[in-house]
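Written below as structure tokens is the structure these notes are about.
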Amino acid sequence: MESSQEEIYTESLPSDHDSIRLSRFTIYHSAPDLPDAVAEQTTLFFKNTKNPTPQVAKSIMFNDDLRSVDFVLAWLDGKQSNEIAEEKRALFEANLQEEGLELEREQTDKLHVVKLHVPKEVLRRYSEILRLRMPMKATPRDRLFGSNFDLMTEVKSFFSKLISCIRLDPSVFPREKYRLSAEYNRHKTYLFDEEDSNFFSSQVRTLIVDFILSRTSFDGPVSETSAKESTNFGIEKLINDGVYKAAYPLHDGEPDDNTCLRGKLFYEWAHVSKWAMFQPIDHIREYFGVKFALYFAWLGFYTHMLIPASIVGLLCFVYGILTLSADQLSTDICDESLNIIMCPLCDKTCDYWKLSDTCTFAKFTYLFDNPVTIVFAIFMSFWATLFLELWKRYSASIAHRWGLTDFNLLSEPPRPQYMARFDGTNPKKSKTNVVTGVREPYVPFWTLKVPATLFSFSVVIILVLLAVAAVFGVVFYRMSVLASISIYADQDWAANYALIIIPATAAILNLAFILVLNYIYDKVAVYLTELEMHRTQTEFDESLTIKIYLFQFVNYYTSIMYIAFLKGKFVGYPAKYNRLFGLRQEECNPGGCLMELCIQLAIIMIGQQFLNGVLEMLIPYIWKWINSLSIKAGLEKPSNSEVDAVVNDPSHKRWTEDFKLLDWGPRGLFYEYLEMVLQYGFVTIFVTAFPLAPFFALINNIFEMRLDARKFLLYYRRPVPKRAPNIGVWFRILNVLGRLAVISNAFIIAFSSNFIPKMVFMYVTKSSDHVGFLNHSLSVFDTKDFEPGSAPLYSSFNTTICRYAGYRAPPGPGEYKRTALYWHILAARLAFIVIFQNVVSIVVIAVQWCIPDVPSELRDQIQREAYLTNELIIEYETQQTKHPYADGDASVVMLNHEKGDDLRKRTANSIHLDLDQPR
């Protein structure tokens with residue numbers, strides 16, 4: 001009967017023709033979209049088929065070749081060898097055995113390792129404590145939706161055939177069959193197929209060991225009360241105290257071994273030659289965990305969305321090239337017959353100059369400041385909103401497929417550091433967790449939480465202002481040096497100094513400020529976040545991320561915002577320059593501030609991305625080499641060349657090779673996200689000044705994905721597979737950047753480009769072109785009216801008047817006062833900002849309203865799965881009522897529950913939870 005049901009179930013599964021998905025049309029993420037076909041999805045922490053246990057390398061097994069090595073603790077002689085450390089290790093390892101872990105020790109001349117294995121009963125107990133969603137037994141009712149003819153599916157199928165050459169090879173990365181999953185409960189073992197050798201996957205085993213390690217004490221035998229008062233617990237504290245050198249799960253093989261998943265990912269995913277291939281997101285999740293898979297899924301989705309933005313940006317640039325000859329402004333600037341002489345750009349040493357000398361700069365500026373720019377700005381505002389809305393839908397689908405739909409912060413265990421802040425002297429400061437139903441300590445909101453948060457962010461604001469002051473300090477440095485060289489008579493030397501040496505020394509000074517402030521702020525941010533007493537690691541990481549990103553935002557963007565919004569805007573005029581501390585303000589380059597902003601963005605984006613790519617590969621390689629040297633003395637290879645000797649050679653042991661690799665540290669993927677989010681800021685906030693930003697970001701990200709994958713597989717230890725339902729606080733940061741981009745682009749178009757002045761000129765003169773706009777935008781200045789000490793000392797021009805940018809009256813009655821046209825243009829600029837923001841806001845609201853966060857098909861499926869799960873439970877309970885304990889499941893459940901009651905109580909003590917409360 002079971003075989004016939006299985007045949008019916010197999011026949012009901014959709015064919016490849018029916019399971020083509022929208023995500024198959026992107027070359028950067030291969031995880032299927034949920035609505036099109038459910039049957040290929042996978043849930044968290046399981047493999048679907050009952051394959052025999054895969055052959056595991058001898059070097060990652062216990063000596064009995066029966067038990068796998070799920071985690072490794074390591075230390076070196078000399079650095080971690082003393083009586084206190086030995087005592088702490090002995091107590092810690094004894095307590096690990098009390099928790100049920102199995103240990104095996106191994107030693108070389110220099111490296112000591114403790115191999116950890118998690119027995120099945122411990123896996124069952126902690127899977128329930130951690131509320132993991134596990135795969136349920138296969139049933140014909142797993143099939144949720146039928147396969148009907150759909151026109152869009154047929155269209156997708158047609159296009160899918162065209163791109164079949166870049167799809168994943170199913171023989172290397174086979175598709176996984178979808179099965180229902182449910183939160184694990186030892187009272188409902190009949191729902192789960194625990195006899196499957198892959199039921200408790202390597203991810204589950206690693207996650208559970210890490211949970212135990214982070215909460216196990218290294219004190220002596222303690223009572224239930226003293227366990228809650230102890231702060232001597234956790235592998236992190238032991239590593240910080242130098243008791244252990246490292247603690248890590250093992251890679252499953254060498255990168256060049258294509259029989260293991262690490263090797264498959266290295267050859268089929270991490271190679272740059274595979275840049276056009278789909279990403280095996282589900283297999284990345286299987287090997288690195290959900291957080292890493294979400295990062296690569298987001299990076300792939302972001303890169304995919306850059307394609308239309310890059311195309312539109314290129315079209316904007318191409319339009320500028322094709323219409324350059326028709327631009328009246330640049331044509332007039334390049335016309336030497338007009339003989340327009342401009343006023344000096346600095347005091348004393350600067351001479352008058354011809355406007356025609358800036359012909360090249362004017363043409364370059366038009367490539368980015370043309371009529372299509374405003375259309376591109378509106379498009380990018382729409383693009384940013386569409387990107388975030390579509391990502392929410394996509395992330396909801398993959399979160400469901402990986403069993404994280406119901407995951408929230410309240411179900412996440414408290415941080416060990418959070419629990420250590422409480423002791424037995426405050427027994428009343430606890431409450432019942434509304435999700436888990438257990439009692440936990442909590443931080444009083446008004447007496448502790450609010451003051452700590454206010455103090456923390458007050459310090460953050462002060463440090464941010466310090467970073468802003470450092471940027472303007474560099475600006476004052478440039479202004480003061482430029483003023484000081486005016487006393488020299490050698491004009492050529494002064495000009496070269498002003499053009500080359502001042503910017504170079506200012507850039508070095510700015511870099512020094514950034515490096516010093518980054519180091520100080522990084523330390524202070526961690527301390528301030530600890531003061532805020534966040535309950536979970538996710539809350540802690542998000543608060544720390546906001547602080548550090550805010551500081552990085554100021555460091556990276558302040559100088560660009562200065563050029564975009566302040567530089568050259570309040571200079572004054574030749575008869576009365578506005579000075580700061582007696583220094584004349586900087587003016588824009590002859591090509592204008594928009595051109596300078598474009599060059600600055602191009603240098604920062606392209607240069608930083610190239611430098612980061614080199615450093616990301618070089619620094620891990622150097623650190624790996626240093627780690628190898630640190631243990632080389634005790635790990636020399638023996639001369640015996642026999643195969644068994646090579647396998648047993650300590651230098652070939654998996655834990656020894658992984659010890660040489662880099663540790664992820666507490667930040668994990670923080671700097672990977674930071675790099676991409678900063679890039680996103682360049683692409684959105686300042687895209688009006690540099691329309692090619694999306695294109696260069698696209699090129700960078702294509703290689704960034706593969707280089708990151710290569711770096712993770714070659715130079716880093718295998719991470720602990722932490723759970724996360726989404727990209728967390730980074731999404732909120734992206735949302736804020738999208739809104740800020742609307743304001744920024746509106747101000748850049750209004751105040752840094754010539755778009756508004758040209759429109760006002762055409763309206764005032766009733767003309768349909770820009771003939772005469774150049775003369776209209778330049779004011780006249782009588783050289784006799786220079787401020788004392790500001791006129792050129794040595795001039796090669798014999799002129800009585802010069803021109804300067806601005807709308808001021810000529811010499812004579814009411815000279816140099818702002819004209820009425822200036823106020824008209826200012827009003828038009830402000831009106832444009834208001835109209836632009838409102839139009840874009842309406843478009844954004846419309847997009848958000850039309851695109852729900854969760855697809856309706858996914859919402860229906862979640863409800864359907866809940867219904868099927870309840871039906872299975874009711875059906876089993878009904879059978880047990882008619883035939884009590886027919887399958888033996890209930891007796892086994894009760895027996896295991898009784899045997900594990902003491903362990904369960906001890907577990908509760910180790911993590912400071914009250915499990916006597918109802919669940």
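For the numbers below, each heavy atom of this structure counts, side chains included, while hydrogens, waters and symmetry mates do not. Position 1 is the first residue of the sequence, and the numbers go up from there.
Checked by atom type, the side-chain pair S779/Y816 shows no donor-acceptor distance below 3.5 Å.
By the 6.0 Å contact criterion, CZ on F703 is open, its count of non-hydrogen atoms from other residues, nucleotides or ligands being 12 or less. By the neighbour-count criterion of 12 heavy atoms within 6.0 Å, atom CZ of F455 is sparsely surrounded, having that number or fewer from other residues, nucleotides or ligands. Within a 6.0 Å sphere centred on NZ of K363, heavy atoms belonging to other residues, nucleotides or ligands number 12 at most. When the shell of 6.0 Å around CZ of R739 is examined, it contains 12 or fewer heavy atoms from other residues, nucleotides or ligands. The neighbour count for K569 NZ, taken as heavy atoms of other residues, nucleotides or ligands under 6.0 Å away, is above 12.
Summarising the geometry, atom CD1 belonging to I340 is positioned 9.5 Å from atom OG1 belonging to T358; distances are rounded to the nearest 0.5 Å. Interatomic distance, OG1 of T799 versus CG of N339, reported as 8.5 Å (0.5 Å rounding). Here the NZ-OG1 distance, from K547 to T545, works out to 9.5 Å after rounding to the nearest 0.5 Å. Remark: R732 CZ to I546 CD1 distance equals 6.0 Å, nearest 0.5 Å. I374 CD1 to C316 SG: the interatomic distance, rounded to the nearest 0.5 Å, is 11.5 Å. Taken to the nearest 0.5 Å, the CG atom of N745 stands 11.0 Å off from the OG atom of S753.
Screening residues 830-849 for side chain to side chain donor-acceptor pair (under 3.5 Å), with sequence neighbours left out, gives no hits.
Applying the side chain to side chain donor-acceptor pair (under 3.5 Å) rule to N735 yields no partners; only residues at least two apart in sequence or on another chain are considered. Under the ring-ring contact (aromatic ring centres under 6.0 Å, His included) criterion, F751 pairs with F747, sequence neighbours left out. Here E389 pairs with K392 under the salt bridge (Lys or Arg N to Asp or Glu O under 4.0 Å) rule; sequence neighbours left out. Listed by chain and number, the residues in a salt bridge (Lys or Arg N to Asp or Glu O under 4.0 Å) with E336 amount to none (sequence neighbours excluded). Applying the ring-ring contact (aromatic ring centres under 6.0 Å, His included) rule to Y319 yields no partners; only residues at least two apart in sequence or on another chain are considered.
Judged by distance alone, the side chain of S795 and the main-chain N or O of P792 form no donor-acceptor pair under 3.5 Å. Distance alone, capped at 3.5 Å, is enough to place a donor-acceptor pair between the S777 side chain and the L774 backbone. N754 contributes no side-chain N or O that, together with a main-chain N or O of D369, makes up a donor-acceptor pair within less than 3.5 Å. A distance-only check finds a donor-acceptor pair linking the side chain of E815 to the backbone of G812 [under 3.5 Å]. Between the side chain of N775 and the backbone N or O of G772 there is no donor-acceptor pair closer than 3.5 Å. Panel note: side chain D335, backbone T331; no donor-acceptor pair is recorded below 3.5 Å. The closest donor-acceptor contact from the side chain of T558 to the backbone of V554 lies under 3.5 Å.
Residue I748 comes nearest to F565 through the heavy atom pair CG1-CE2, 3.8 Å, listed as atom of the first residue, atom of the second, then distance.
Between Y680 and F387, the ring centre distance stays below 6.0 Å.
In this pair, W298 and Y673 present their aromatic rings tilted. The plane angle is within the 30 to 60° band.
Just one of F731, W730, F301 meets the ring-ring contact (aromatic ring centres under 6.0 Å, His included) condition when paired with W391; it is F301.
Between F472 and L566 the shortest side-chain heavy-atom distance falls below 4.5 Å.
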